[in-house]
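These notes concern the structure reproduced below.
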Amino acid sequence: PLHLALRGSPKVDTVNLLILAGANLNSVELNNDETPTHWACQHGHAKSLKLLVDAGADLSLRDKKGRSPIDVAIEYNQLNALTEILKNPN
């Protein structure tokens with residue numbers, strides 16, 4: 001469900017509700033092993049990314065191409081997402 005909430009236009013309220021409902025923050029998409037944080041970084045959803053990180057999403061997970069969320073933010077030139085990751089002390 002988190003992946004769908006991160007597709008297209010930002011749905012911060014929906015992401016927040018899913019997190020509060022106990023959605024798996026580190027679930028992987030079947031085709032590419034991408035997590036919700038990968039998708040947030042790809043689409044530049046910095047506010048949703050902050051919610052995921054604050055809730056404990058693992059930023060070290062890699063997709064099938066070996067990319068971490070920070071790699072995806074760089075690849076897609078999503079500076080807001082990259083800034084949000086760099087603010088994270090973990």
Side-chain angles (χ1 to χ4, degrees):
L2 277 171
H3 288 87
L4 295 176
L6 293 163
R7 197 172 231 175
S9 62
K11 299 168 192 76
V12 178
D13 293 337
T14 303
V15 170
N16 191 45
L17 286 172
L18 289 168
I19 291 170
L20 292 173
N24 182 351
L25 303 175
N26 300 309
S27 61
V28 292
E29 182 266 333
L30 295 177
N31 294 324
N32 298 313
D33 286 348
E34 294 170 330
T35 66
T37 55
H38 283 90
W39 282 35
C41 287
Q42 179 177 347
H43 297 286
H45 299 326
K47 291 180 182 177
S48 294
L49 178 61
K50 179 175 178 13
L51 291 174
L52 291 164
V53 170
D54 288 349
D58 186 349
L59 293 173
S60 70
L61 297 176
R62 297 187 175 270
D63 63 14
K64 282 188 179 177
K65 294 179 182 177
R67 302 175 304 174
S68 69
I70 196 168
D71 297 326
V72 173
I74 292 168
E75 179 179 339
Y76 286 89
N77 199 30
Q78 297 293 354
L79 298 180
N80 290 336
L82 181 59
T83 301
E84 194 57 52
I85 290 173
L86 295 175
K87 288 181 191 176
N88 181 28
N90 299 323

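Sorted by first and then second residue, the ring-ring contact (aromatic ring centres under 6.0 Å, His included) pairs involving residues 3-26 (not counting sequence neighbours) are H3-W39. Among residues at least two apart or in separate chains, there is no salt bridge (Lys or Arg N to Asp or Glu O under 4.0 Å) pair with a member in residues 19-28. Sorted by first and then second residue, the ring-ring contact (aromatic ring centres under 6.0 Å, His included) pairs with a member in residues 41-66 read H43-H45; sequence neighbours excluded.
Residues meeting the side-chain hydrogen bond (donor to acceptor under 3.5 Å, both in side chains) test with T35, sequence neighbours left out: T37, H38. Legend: residues meeting salt bridge (Lys or Arg N to Asp or Glu O under 4.0 Å) with R62, ordered by chain and number and at least two apart, are D71. Partners of T14 under the side-chain contact (heavy atoms from CB on, under 4.5 Å) rule, at least two apart in sequence or in another chain, are A5, K11, L18. Residues forming a side-chain contact (heavy atoms from CB on, under 4.5 Å) with K65 (at least two apart in sequence, or on another chain): D63, R67.
In this structure, L2 and L52 have side chains that are in contact, with non-hydrogen atoms separated by less than 4.5 Å.
At a threshold of 4.5 Å between side-chain heavy atoms, the hydrophobic network of Ile, Leu, Val, Met, Phe, Trp and Tyr places L61 and I74 in two separate groups.
For the atom pair I70 CD1 and L59 CG, the distance stands at 8.5 Å (nearest 0.5 Å). Rounded to the nearest 0.5 Å, atoms OG1 (T83) and CD (Q78) are 11.0 Å apart. For the atom pair CG of N88 and NZ of K50, the computed distance is 9.0 Å after rounding to the nearest 0.5 Å. Here the SG atom belonging to C41 is positioned 11.5 Å from the CD atom belonging to E75, to the nearest 0.5 angstrom. Taken to the nearest 0.5 Å, the CD1 atom of I19 stands 5.0 Å off from the CG atom of L51.
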Distance-only criterion, 3.5 Å: show the donor-acceptor pairs between side-chain atoms of residues 20-29 and protein atoms not counting sequence neighbours.
unit_1: N24; atom_1: OD1; unit_2: N26; atom_2: N; d: 2.9
unit_1: N24; atom_1: OD1; unit_2: S27; atom_2: N; d: 3.3
unit_1: N26; atom_1: OD1; unit_2: D58; atom_2: N; d: 2.8
unit_1: S27; atom_1: OG; unit_2: N24; atom_2: O; d: 3.4
unit_1: E29; atom_1: OE1; unit_2: N32; atom_2: N; d: 2.9
unit_1: E29; atom_1: OE2; unit_2: N31; atom_2: N; d: 3.1
unit_1: E29; atom_1: OE2; unit_2: N31; atom_2: ND2; d: 3.3

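Think of V72 as one node in a network of Ile, Leu, Val, Met, Phe, Trp and Tyr side chains linked at under 4.5 Å; its network also takes in Y76. Taking Ile, Leu, Val, Met, Phe, Trp and Tyr as members and joining any whose side-chain heavy atoms lie under 4.5 Å apart, directly or through other members, L30 forms no hydrophobic cluster with any other residue.
The heavy-atom pair separating L6 from P36 by the smallest distance is CD1-O, 3.2 Å. For the residue pair A73 and L82, the shortest heavy atom distance occurs at CB-N, 4.0 Å.
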